[in-house]
Amino acid sequence: MLVWLGRDGRPVNDLQRHLGAYGHLVALRHGDLAYLHVHPAAASQPSSVVAFGVTVPSAGTYRLSFEFRHLDEVRVAAFTVVV
């Protein structure tokens, strides 16, 4: 899974490490709240794209929270995906 970060339609390429990585992803499955916490693929420099190797336990609707650090502030972006 790739998460693209942008602001006003332009890529954000200056992420800062947060808890040792350029982002963290948490997913909760609708219905039973199955929980995933996924770390990104190793990256030597920040980019507007953060890659995660995600394997979901079963099909369903998942609420995802992507936590990252930018301009010295920890931020969270939330979105829903159906797999």
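Considering only residues two or more places apart in sequence or on other chains, V76 meets the side chain to side chain contact (heavy atoms under 4.5 Å, CB included) condition with S65, E67. Here F68 pairs with F66 under the ring pair (Phe, Tyr, Trp, His ring centres under 6.0 Å) rule; sequence neighbours left out. For R63, the side chain to side chain contact (heavy atoms under 4.5 Å, CB included) partners two or more places apart in sequence, or in a different chain, are A78, T80.
In this structure, V81 is not a member of the same hydrophobic cluster as L28, with clusters built from ILVMFWY side-chain heavy atoms closer than 4.5 Å. Hydrophobic clustering, with ILVMFWY side chains joined whenever heavy atoms are under 4.5 angstrom apart, groups V3 together with V83. Transitive grouping of hydrophobic side chains (ILVMFWY, heavy atoms separated by less than 4.5 Å) brings F79 and Y22 into a common cluster.
Annotation: salt bridge (charged side-chain N to carboxylate O under 4.0 Å, His left out) contacts involving residues 2-23, sequence neighbours excluded, are absent. The salt bridge (charged side-chain N to carboxylate O under 4.0 Å, His left out) contacts involving residues 73-83 comprise E73-R75, where partners must be two or more places apart or lie in separate chains.
What you find for H70 and L15 is that their closest heavy atoms are CB-CD2, 4.3 Å.
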Please set out all donor-acceptor pairs under 3.5 angstrom arising from side-chain atoms of residues 33-47, sequence neighbours excluded.
{"unit_1": "H39", "atom_1": "ND1", "unit_2": "H24", "atom_2": "ND1", "d": "3.4"}
{"unit_1": "S47", "atom_1": "OG", "unit_2": "V49", "atom_2": "N", "d": "3.2"}

Distance-only donor-acceptor pairs under 3.5 Å for side chains of residues 50-62, two or more places apart:
{"unit_1": "S58", "atom_1": "OG", "unit_2": "R29", "atom_2": "NH1", "d": "2.5"}
{"unit_1": "Y62", "atom_1": "OH", "unit_2": "R29", "atom_2": "NH1", "d": "3.4"}
{"unit_1": "Y62", "atom_1": "OH", "unit_2": "S58", "atom_2": "O", "d": "2.7"}

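Once rounded to the nearest 0.5 Å, the distance linking CG of L5 with OG of S48 reads 7.0 Å.
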